[in-house]
Amino acid sequence: MLHPLVPPVLAWFDTAARDLPWRAADRTPWGVLVSEVMLQQTPVARVEPLWRRWMMRWPTPADLAEESTAEVLRAWDRLGYPRRALRLQECARAVVERHDGELPRTEAELLALPGVGTYTAAAVMAFAHGRRAVVVDTNVRRVLSRAIAGDALPPPSLTRGELRDAATLVPDDDGTASRWSAAVMELGALVCTARSPRCDACPVAEQCAWRRAGRPPDALAPVRRRQAWHGTDRQVRGRIMAELRAADHPVPAEVLLAAVPGDETQRRRCLAGLLADGLVAALEPLRRPSAGAADAEDADDDAAVRDDAVLYGLPR
DNA sequence: AAAGCGGGGGC
DNA sequence: GCCCCAGCTTT
């Protein structure tokens, strides 16, 4: 038995689905996974061109596994959250080592791969392997929040209730289930959008609890607060990464930090964080001649000087 | 459960 | 300016 919401959404998807490259007939499971990782918190429009270049350059996990990390980070460019690029390469290496270069076919094995969480594992099962999976992303949460719960927006974090509702809707049959997962996500992306939902174009407008209630505003609206951006560590980290992507030689700390906004403390904290994350590497410390007798002056001062003498670059 | 993590485009 | 985008990892 299909849930009443399912058939209209499937029919709508047949006519409205976007022609995305990771949905093409010649797609590979690895290509699907790459798209899912790139799409984590990043809009389709920005991912598509980069995905095309990426898959042309590194079509298989083995190709990406062998590449230098610096090149991978450069190719990631300004997609954001560059840790994803690191995880994706680790994932490629894990696929080569654990699975003989082929993407695994069970959800548990996918979930065990670096950078693959609940959503991505389910999405790969559905979109790469054509299997039934409970795929719950921000689009699905919003659609179900409106259609079933009658709320303008889903709660801040995924609840068991949402998961239960989502699982109830997924059809039993593998083929129908995987189409449903793509269809409901697409509905959220194109029609049931966060800002200005196009209810006039919605295949389940008549059944939607939120619309029938007169589209009441989000009750939690005043509580939601975004992370600031201006002057944050994230911005500074991004600027450091941009400098290193553009540099074709290792950069002295002084030069690197001078090119970045923020006070001294913040810039050093961010650089240290990037080093700890493996996004930046310290290269060939310069041996400066010993300062002689004045050696034991101030430990902090000395450490700072040594730090300045290090060259930084993207990890090899 | 909450915080940290990028960057850009739409409004 | 603010908000949102096919989340994951760590604490």
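Since we're looking at a predicted model, the values are computed, not measured. Protein chains get the first letters and strands the later ones, always in sequence-line order, with residue 1 at the start of each.
Proximity note for A/Met185 (side chain, C-beta onward) versus B/dC5, B/dG7, C/dA6: the nearest is C/dA6. Comparing atom distances between the A/Gln41 side chain and each of C/dG7, B/dC5, B/dG7 picks out C/dG7 as nearest. For A/Arg195, taking side-chain heavy atoms from C-beta onward, the closest of the listed nucleotides B/dG7, B/dG9, B/dG6 is B/dG9. For A/Ala194, counting side-chain heavy atoms from C-beta on, the closest listed nucleotide (C/dC4, B/dC5, C/dA6) is C/dC4. In the set B/dG6, B/dG7, C/dC4, B/dG6 carries the atom at the smallest distance from any side-chain atom of A/Pro82. The listed nucleotides are C/dA6, B/dG6, C/dC5; the one nearest the side chain of A/Arg234 is B/dG6. The listed nucleotides are B/dG6, C/dA6, C/dG7; the one nearest the side chain of A/Arg237 is B/dG6.
Comparing A/Ser196 and A/Ala242 along DNA chain B, the residue whose closest nucleotide (by nearest heavy atom) sits nearer the 5' end is A/Ala242. Mapping A/Leu279 and A/Leu158 onto DNA chain B via the closest heavy atom, the residue that lands nearer the 5' end is A/Leu158.
Nucleic acid contact for A/Arg18: base, since at least one base atom lies under 4.0 Å from a heavy atom of the residue. As judged by a 4.0 angstrom heavy-atom cut-off over every strand, A/Leu20 is placed among the base-contacting residues. Contacts of A/Trp22 with the nucleic acid, taken as non-hydrogen atoms under 4.0 Å apart, include base atoms.
Checking A/Asp63 against A/Thr60 by side-chain atom types alone, a donor-acceptor pair falls below 3.5 Å.
Taking a pair to require two hydrogen-bonding distances under 3.5 Å in either a Watson-Crick or a G-U wobble arrangement, B/dG6 remains unpaired.
Across B/dG6 and C/dT11, the matching P atoms stand 16 Å from one another, rounded to whole Å. Taking the P atom of each, C/dA6 and B/dC11 are spaced 15 Å apart, rounded to whole Å. Taking atom P on both C/dC8 and B/dG8, the two are 23 Å apart, rounded to the nearest angstrom.
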Begin from the C-alpha positions of A/Arg23 and A/Glu186 and carry the test salt bridge (Lys or Arg N to Asp or Glu O under 4.0 Å) through to its verdict.
CA-CA 12 Å; A/Arg23 288 178 179 164; A/Glu186 193 79 336; 2.8 Å; yes
Using salt bridge (Lys or Arg N to Asp or Glu O under 4.0 Å), reason through A/Asp173 and A/Arg132 one step at a time and then give a plain yes or no.
CA-CA 7 Å; A/Asp173 161 67; A/Arg132 181 183 189 280; over 6 Å; no
Should A/Tyr119 and A/Glu36 be marked as a side-chain hydrogen bond (donor to acceptor under 3.5 Å, both in side chains) after you check the CA-CA gap, both sets of side-chain angles, and the distance that decides it?
CA-CA 9 Å; A/Tyr119 162 76; A/Glu36 293 302 341; 2.7 Å; yes
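Across the protein-nucleic acid pair, A/Met38 atom CE and B/dG8 atom C1' stand 16 Å apart, rounded to whole Å. To the nearest angstrom, P of B/dG8 lies 11 Å from CD of A/Gln235. Distance A/Gln40 CD to B/dG4 C1': 15 Å, rounded to the nearest Å.
Of the side-chain N and O atoms in A/Arg84, none sit less than 4.0 angstrom from OP1 or OP2 of B/dG6. Between A/Thr42 and C/dC5 there is no side-chain polar atom (N or O) within less than 4.0 angstrom of OP1 or OP2.
Side-chain atoms of A/Arg46 come within donor-acceptor range of the base of B/dG7, with a qualifying N/O pair under 3.5 Å.
Salt bridge absent: A/Glu109 and A/Arg105 never bring a charged side-chain N and a carboxylate O closer than 4.0 Å.
Rounded to the nearest 0.5 angstrom, A/Arg267 CZ and A/Asp233 CG are separated by 12.5 Å. Going from atom CG of A/Leu187 over to atom CZ of A/Phe13 covers 10.5 Å, rounded to the nearest 0.5 Å. From A/Leu271, atom CG reaches atom CG of A/Leu279 across 11.0 Å, with rounding to the nearest 0.5 Å.
Residues from residues 108-130 of chain A placing a heavy atom under 4.0 Å of any atom in DNA chain C, listed by number, are A/Pro114, A/Gly115, A/Val116, A/Gly117, A/Thr118, A/Tyr119, A/Thr120.
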